[in-house]
There are 2 protein chains.
Amino acid sequence: MKTAGRQTWLFETEPAVLATGTVAGKLESEGPLSQWFDVRITKDGMLGKSWEVDEQGLIRQATETALEKAKLTPEAIDYAIGGDLNAQLTGFYFGLRDFGFRQLGLYSACSTMTESVALGGLLVDTGAAKTVIAGTCSHTSTAERQFRFPTEYGAQKPETAQRTVTGAGMAVIGNTGSNVVVTAATIGEVVDFGIKNPWEYGAAMAPAAFRTIQAHLHDTGQHLEDFDCIATGDLGRIGHAILRDLFAQQGQDPGDRLTDCGMLIYAPEQSEVFSGGSGAACSSLVTFGYLLEKIRNGTWKRIMVAATGALLSTVTSQQQESIPSISHAVVFERRGRVQ
Amino acid sequence: MKTAGRQTWLFETEPAVLATGTVAGKLESEGPLSQWFDVRITKDGMLGKSWEVDEQGLIRQATETALEKAKLTPEAIDYAIGGDLNAQLTGFYFGLRDFGFRQLGLYSACSTMTESVALGGLLVDTGAAKTVIAGTCSHTSTAERQFRFPTEYGAQKPETAQRTVTGAGMAVIGNTGSNVVVTAATIGEVVDFGIKNPWEYGAAMAPAAFRTIQAHLHDTGQHLEDFDCIATGDLGRIGHAILRDLFAQQGQDPGDRLTDCGMLIYAPEQSEVFSGGSGAACSSLVTFGYLLEKIRNGTWKRIMVAATGALLSTVTSQQQESIPSISHAVVFERRGRVQ
């Protein structure tokens with residue numbers, strides 16, 4: 001296969017996004033992107049016997065929806081590729097175990113979405129697979145339980161905090177049969193700017209997004225202006241402002257084309273969304289539900305999604321470690337007619 | 001690239017294992033495979049400021065060792081691919097962050113080793129990378145803290161329990177330049193036999209190993225006899241006996257060629273090793289240190305390693321969930337002269 005520079009894959013066969021399935025939690029379904037999601041959960045609180053089982057239900061339902069839209073049975077899928085934020089990826093593995101997929105579990109925190117699409121695209125592009133399903137899930141209450149405090153404590157959060165998105169987004173990627181294709185992926189390195197405050201993911205992750213976007217432009221000889229939209233994973237409003245500063249320091253101005261999935265998914269006036277959304281499902285919901293639709297319907301021709309992951313754990317936080325971050329980027333383009 | 005059946009990749013360019021680096025903990029260094037490890041830790045107890053920092057040191061040192069033996073600088077590595085058992089893969093990400101590698105984090109519990117080699121082999125075979133480094137680490141004390149009880153409790157364990165291996169194994173995989181090559185990989189599906197006891201990993205994982213080995217044979221039209229050795233990841237003595245029963249039920253007898261990394265790494269008379277070793281580093285230490293050396297030195301020509309992962313987390317255990325398991329297999333062969 002074709003590569004560019006030191007860390008970019010060029011998918012010459014242009015793997016197609018055959019269909020996507022998105023399932024949004026209640027708050028996400030009440031946000032500005034509501035109309036773009038396939039399934040909107042309207043009930044508040046726990047639906048099953050635990051938050052974790054609820055989250056497994058999200059990825060299962062997103063998978064069923066994507067398969068149904070692609071008119072495929074589970075048997076038509078060669079590999080399921082993805083992950084979630086739970087320790088040991090129990091959302092991904094438990095949620096999909098009944099489909100009988102060959103499963104490749106990945107983890108790079110909230111950049112797991114683009115890691116999944118990058119490797120899924122690679123498998124299809126190289127012929128290692130005909131059809132894969134790739135994506136992520138997250139749940140605000142499983143993340144609170146794992147990374148922060150029991151919800152019952154009612155711990156106050158600062159304005160730099162981000163809300164973990166409840167939802168799941170899955171994409172069926174195959175050889176051909178859609179006007180949205182994956183044309184490139186850039187794999188990121190770990191960037192550590194020494195941020196230690198787990199309420200400041202945006203600040204920790206902005207340098208990783210900056211590094212990966214620059215690496216992509218450098219590897220491919222392109223410019224910010226070559227993209228109709230560049231969406232980072234989930235920096236939130238504060239991280240987004242920091243990323244704009246990093247570009248400005250290099251004399252670059254991405255203008256309106258630079259946006260962020262964590263900013264798009266909630267309206268600032270929604271309750272307790274703070275600096276914006278985060279979580280492994282933030283970029284998969286926004287990308288698969290909304291951004292790809294804008295390619296499909298003719299608004300855009302070519303976009304980059306650079307999801308960002310904060311690589312902390314409860315243990316590293318308690319041990320006063322910094323928060324290393326990573327970002328992987330993928331490029332989606334329209335081919336053929338508007339649908 | 002070439003595939004076989006529904007879940008097997010055939011690496012026609014035969015990516016070469018250029019060098020391996022293995023770092024073994026104290027108990028592992030006192031075991032029967034001691035002579036085969038590059039670095040043997042002789043000091044007991046905590047070496048740095050935490051068990052987690054110690055584990056990060058293991059994967060860092062295994063990486064430095066592999067690079068040194070391959071006579072490569074970190075800049076020569078395109079991607080680092082791997083993982084560990086810690087929630088959010090902090091061993092892999094923190095341990096390797098200073099090398100500046102592009103990092104692809106994977107998780108499939110103790111089968112992360114073969115998932116890493118399978119995807120690393122794929123990257124090199126397809127030209128997505130020239131050279132990668134792949135592998136895993138684990139540490140008995142980070143695993144105890146995460147999955148079981150504080151060591152200070154002195155909780156008694158049953159004979160079905162397994163000891164998490166302390167160590168790390170990394171392999172540099174490139175286009176050419178070694179007499180050991182990776183020729184195939186089979187990606188597994190999740191198998192759940194309803195085992196709920198976290199002291200019975202072997203019973204939970206044996207069906208996954210069986211399924212993946214059979215899938216490999218079915219996909220490639222081969223037989224057990226086509227391999228000089230078939231090593232499962234870490235079933236331990238009890239899981240190994242169950243796997244033999246599963247073969248026997250199909251009228252198959254793998255004979256002496258079937259072994260298990262969890263059985264090989266400790267002698268039964270070593271202290272507190274119970275049914276044998278487990279942990280993400282069990283199969284990487286045994287494979288990279290010992291099994292590949294037996295190919296290199298001419299004892300064997302062709303082996304299969306089917307590492308096995310128990311996909312539980314503390315949360316799923318406490319929620320009384322079963323333990324789904326998975327196994328990915330890779331095939332190593334000798335090409336050219338014995339070294």
Side-chain angles (χ1 to χ4, degrees), chain A residues 1-3 6-7 9 49-50 52-53 78-79 83 85-90 92-94 96-109 112 115 118-119 122-123 125-129 142 145-146 186-192 215 309 311-316 319 321 324 326 328, chain B residues 1-3 6-7 9 49-50 52-53 78-79 83 85-90 92-94 96-109 112 115 118-119 122-123 125-129 142 145-146 186-192 215 309 311-316 319 321 324 326 328:
Chain A
M1 69 167 297
K2 202 171 168 188
T3 60
R6 101 157 289 155
Q7 61 206 89
W9 300 328
K49 70 170 185 167
S50 69
E52 285 73 17
V53 166
D78 294 323
Y79 303 97
L85 300 182
N86 294 283
Q88 288 81 43
L89 306 192
T90 55
F92 172 74
Y93 281 117
F94 279 70
L96 300 185
R97 66 181 153 175
D98 293 334
F99 290 102
F101 297 142
R102 277 63 43 209
Q103 286 186 244
L104 289 161
L106 312 179
Y107 183 82
S108 54
T112 305
E115 186 181 357
L119 284 169
L122 179 89
L123 259 60
D125 186 59
T126 59
T142 65
R145 167 162 28 222
Q146 177 171 225
T186 295
I187 303 302
E189 56 252 350
V190 173
V191 176
D192 192 337
L311 301 167
L312 80 171
S313 77
T314 315
V315 173
T316 63
Q319 292 178 346
E321 300 280 0
I326 198 163
H328 306 300
Chain B
M1 69 167 295
K2 201 171 168 186
T3 60
R6 100 157 288 153
Q7 60 206 92
W9 300 330
K49 69 170 186 168
S50 70
E52 286 74 17
V53 166
D78 295 324
Y79 303 97
L85 299 183
N86 293 284
Q88 288 80 45
L89 307 192
T90 56
F92 172 73
Y93 281 118
F94 279 71
L96 300 185
R97 65 181 154 176
D98 293 334
F99 289 103
F101 296 142
R102 275 68 38 210
Q103 285 186 244
L104 288 162
L106 311 179
Y107 183 81
S108 53
T112 305
E115 187 182 356
L119 282 169
L122 179 88
L123 259 58
D125 185 60
T126 59
T142 66
R145 182 190 335 252
Q146 177 170 226
T186 295
I187 304 301
E189 56 253 348
V190 172
V191 176
D192 192 337
L311 299 168
L312 81 169
S313 76
T314 315
V315 172
T316 63
Q319 292 178 346
E321 300 280 359
I326 197 163
H328 306 299

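Side chains are part of it too, since the values below use all heavy atoms of this structure and drop only hydrogens, waters and symmetry mates. This structure is a prediction, so every number in the text was calculated from the model and none was measured. To find a chain, count down the sequence lines: A is the first, B the second, and so on, and within it residues start at 1.
In terms of heavy-atom pairs under 4.5 angstrom with chain A, the leader among B:Gly127, B:Gly100, B:Gly188, B:Gly309 is B:Gly188. With respect to chain A, the highest number of heavy-atom pairs below 4.5 Å among B:Ser108, B:Ser313, B:Gly83 belongs to B:Ser313. Comparing B:Thr314, B:Leu311, B:Leu106, B:Leu119 by heavy-atom pairs within less than 4.5 Å of chain A, the highest count is held by B:Leu311. Comparing A:Gln88, A:Gln146, A:Lys2 by how many heavy-atom pairs each has under 4.5 Å with chain B, the most go to A:Gln88. Top candidate by heavy-atom pairs under 4.5 Å with chain B, chosen from A:Leu104, A:Thr3, A:Asp78, is A:Leu104.
Residue contact with chain A, scored on non-hydrogen atoms closer than 4.5 Å, is absent for B:Ala109. If you measure heavy-atom distances from B:Val191 to chain A, you find no contacts under 4.5 Å at all. Looking at B:Thr126, both its backbone and its side chain come within 4.5 Å of chain A, counting heavy atoms on both sides. Both the backbone and the side chain of B:Ile187 come within contact range of chain A, judged by heavy atoms closer than 4.5 Å. Only the backbone of B:Phe101 comes within contact range of chain A, judged by heavy atoms closer than 4.5 Å. For B:Asp98, no part sits under 4.5 Å from any heavy atom of chain A, backbone or side chain.
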Starting from the C-alpha separation in whole Å, work towards a yes-or-no answer on side-chain contact (heavy atoms from CB on, under 4.5 Å) for A:Tyr79 and B:Gln7. CA-CA 8 Å; A:Tyr79 303 97; B:Gln7 60 206 92; 4.2 Å; yes

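Side-chain contact check for B:Leu123 versus A:Trp9: some heavy-atom pair is nearer than 4.5 Å.
Going from atom NZ of B:Lys49 over to atom CD of A:Gln319 covers 7.0 Å, rounded to the nearest 0.5 Å.
Under the side-chain hydrogen bond (donor to acceptor under 3.5 Å, both in side chains) criterion, B:Arg145 pairs with B:Glu52, sequence neighbours left out.
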